[in-house]
Amino acid sequence: MAGNGATGIIRSGGRLLLLLVPIAAALLALQISFLGLPPGRSLPAREDLARAFRLVGAGDYAAALGESSRIVAAHPDSAEGLAALGLVFVRTGDYELAAKTLGRAAEMDPACGAAWLGLGEMAVGRNREGEARDLLRKAARDERVARSAWAELARLSLHVGDARAALAAAERAAASPAAGDVTGEESIGATVAYLRMLGPEPLLGMRPGFDGTIVRFLEREGWRDRGAREVPVEINGAGSWPVDIDSAYRGNLILSERLASDLGIRRAGEFGAAGVGATAPVLEGSLLDEIRIGSLVLRRVPVMVMDSPSFRGEAKGLLGTGLLKRFDCVLDERAGTFEIRPPGRPDDAGGRIAARAPLFVEGGPIVNAGLAGGPRRPFLLDTAASVTLLDRGYYERHVKPALPAGAAREAVVAGAGGRETAILIPDLQAVIGNSGIGRLRVVVLDMSRINRAGGRLASGIVGGELLRRYRVHLRFSVPEILLEEYREEPGV
């Protein structure tokens, strides 16, 4: 599921339009042809720049690409035009082009906050917290993007457990001009209320001496078919509850309404999210005194509470990337175990590595993947997904034209937002990074709501089937994903 995570800061958005590689490449060639020109030429109209950034914040990436490219073509010395173009590349997963474009914009005009904002987002996505903080503070000096920069700093501070800095940044975001919002920070007021409830004491305190832990999946009836992998988590010393490992969720932990009620925890703020299903779940912020996952003990843990059909009225939860990316993790379905390691500690990937690919972890983790010979695009990595999901636009453009008659059929899928009708394709060839990973069962649906909540353009969701085929290493300290082939046992 995609959502606001522990901060409650939601990115809004408009319609989803997938970008064609030839268009982006042509526009980049046009942009680069102007990069060597000296500054001092005419500047674009302020309203044109405002429109470009507004389109970025709304998630209308095709229109934002067109507007920012037009500005760059007409005004090649405009750092802000280049920064708007670079932000589009960040949101659509073209990080190499984004780094070049944003770096050039910052070089042309060191006061261009939008350039530093984009570079800061990329540093967050690469799990470089110190670098991200420095870049976002530079961005926040520019009132034209200050609201977005301070909101991103609030998210970052909350992730590292600095409650005082998170509240200060969120209050600065709320006090900044709305015109300085290029990321769609709609719920900043609710975020401030939530952070005030958390108080100034440090968050996510870890018991010293943690050297890694291995916990077993809960093997409840049908657990392999459901896709989600559950582990027991002790909460507030009151007992242990099943929690799904859900990498698509950008926050720390979500509790079901029933579990939160049983624990009697107070709440603050109301936030939106998105997932599979026809309705949008609503989240409320809360705080746990302590959680225990095996030998890992964390105190004062910010969490969210959600009433979702996917919980089926149970007392349970979801464990998200906001917490997981503080460590390196290994999911081993054959052994039935989930391992959490201190970041950067060498792991035991002794089998053949079928695929290795970078992760971008600003929000839920993003990996480049492709289906049915189509181009590689950013896909959300979701360890709780039972099937691979594909956006309708990618399907119509790259898959459907070559699909044999009768290969696709109608199906009903269920998720955090309930049920919705989709298209099922039982067998499509898949690639992650530069490596083929076999054939996957694929469901086609409209990803626009999920993309709006995540503030990123993803062409699909991949995850659950990988766990059945590979030992999955999530090296958030790099960050990268390794798919290790299982070694055949003697006699098998």
Side-chain angles (χ1 to χ4, degrees), residues 2 16-26 28 61-62 65 88-98 125 227 247-248 276 352-361 363-383 385-404 407-408 422-448 450-451 454 456-470 472-474 479-485:
L16 171 67
L17 292 173
L18 293 179
L19 309 179
L20 293 172
V21 166
I23 294 176
L28 179 68
Y61 300 118
L65 178 65
V88 174
F89 290 146
V90 173
R91 305 295 165 75
T92 56
D94 205 329
Y95 307 121
E96 184 176 349
L97 294 186
S247 62
V276 174
R352 193 184 83 85
I353 301 303
R356 179 195 301 262
L359 289 177
F360 191 80
V361 291
I366 294 288
V367 62
N368 277 339
L371 293 171
R376 284 186 289 279
R377 292 284 190 267
F379 274 63
L380 184 63
L381 180 66
D382 184 358
T383 54
S386 59
V387 297
T388 298
L389 303 182
L390 182 65
D391 182 72
R392 194 175 298 274
Y394 187 106
Y395 166 74
E396 294 286 349
R397 187 171 293 116
H398 303 296
V399 176
K400 185 177 179 180
L403 207 60
I423 298 170
L424 174 65
I425 308 170
D427 187 35
L428 278 184
Q429 182 66 38
V431 171
I432 282 185
N434 295 317
S435 304
I437 56 168
R439 308 184 77 84
L440 301 178
R441 189 165 55 119
V442 175
V443 169
V444 180
L445 44 69
D446 182 2
M447 289 276 296
S448 59
I450 295 173
N451 283 320
R456 291 280 178 274
L457 186 152
S459 292
I461 296 176
V462 64
E465 283 192 273
L466 301 181
L467 304 184
R468 291 190 280 274
R469 299 183 184 183
Y470 302 102
V472 177
H473 299 251
L474 298 176
E480 67 178 1
I481 180 173
L482 268 64
L483 302 181
E484 178 190 359
E485 291 184 350

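- Each of E396, R377, M447 was checked for a side-chain contact (heavy atoms from CB on, under 4.5 Å) with D391, and the lone residue meeting it is M447.
- For A369, the side chain to side chain contact (heavy atoms under 4.5 Å, CB included) criterion is met by F379, I432, not counting sequence neighbours.
- Side-chain N or O atoms of Q429 include none that pairs as donor or acceptor with a backbone N or O of G436 at under 3.5 Å.
- Shortest non-hydrogen contact noted between Y95 and V90 is CE2-O, 3.4 Å.
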Derivation and outcome, side chain to side chain contact (heavy atoms under 4.5 Å, CB included), residues V443 and L390: CA-CA 6 Å; V443 169; L390 182 65; over 6 Å; no
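- Shortest non-hydrogen contact noted between A354 and S435 is O-CB, 3.2 Å.
- For the atom pair CZ of R376 and CG of N368, the computed distance is 7.5 Å after rounding to the nearest 0.5 Å.
- Considering all non-hydrogen atoms of both residues, Y394 and L371 come closest at OH-N, 3.2 Å.
- Comment: R356 engages E480 in a salt bridge, judged by a side-chain N to carboxylate O separation of less than 4.0 angstrom.
- Taking all atoms of both residues into account, the shortest heavy-atom contact from A407 to P426 is O-CD, 3.3 Å.
- Here the CZ atom belonging to R397 is positioned 9.0 Å from the OG atom belonging to S459, to the nearest 0.5 angstrom.
- The side-chain heavy atoms of L424 and V442, taken from C-beta on, include no pair separated by under 4.5 Å.
- In this structure, OG1 in T388 is found 11.0 Å from CD1 in I425, a value given to the nearest 0.5 Å.
- For the atom pair CD1 of I437 and CG of L466, the computed distance is 5.0 Å after rounding to the nearest 0.5 Å.
- From H473, atom NE2 reaches atom CD of E484 across 4.0 Å, with rounding to the nearest 0.5 Å.
- Here the closest non-hydrogen pair linking P365 and S247 is CD-O, 3.0 Å.
- With a 4.5 Å cut-off on side-chain heavy atoms, L381 and L474 count as touching.
- For L445 against A422, the heavy-atom pair with the smallest separation is CB-CB, 4.3 Å.
- Expressed to the nearest 0.5 Å, how far CD1 of I366 lies from CG of L457 amounts to 9.0 Å.
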Is there a side chain to side chain contact (heavy atoms under 4.5 Å, CB included) between L440 and L428? Walk through the geometry before answering. CA-CA 5 Å; L440 301 178; L428 278 184; 5.7 Å; no
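- Residues satisfying the ring pair (Phe, Tyr, Trp, His ring centres under 6.0 Å) criterion with Y470, sequence neighbours excluded, are absent altogether.
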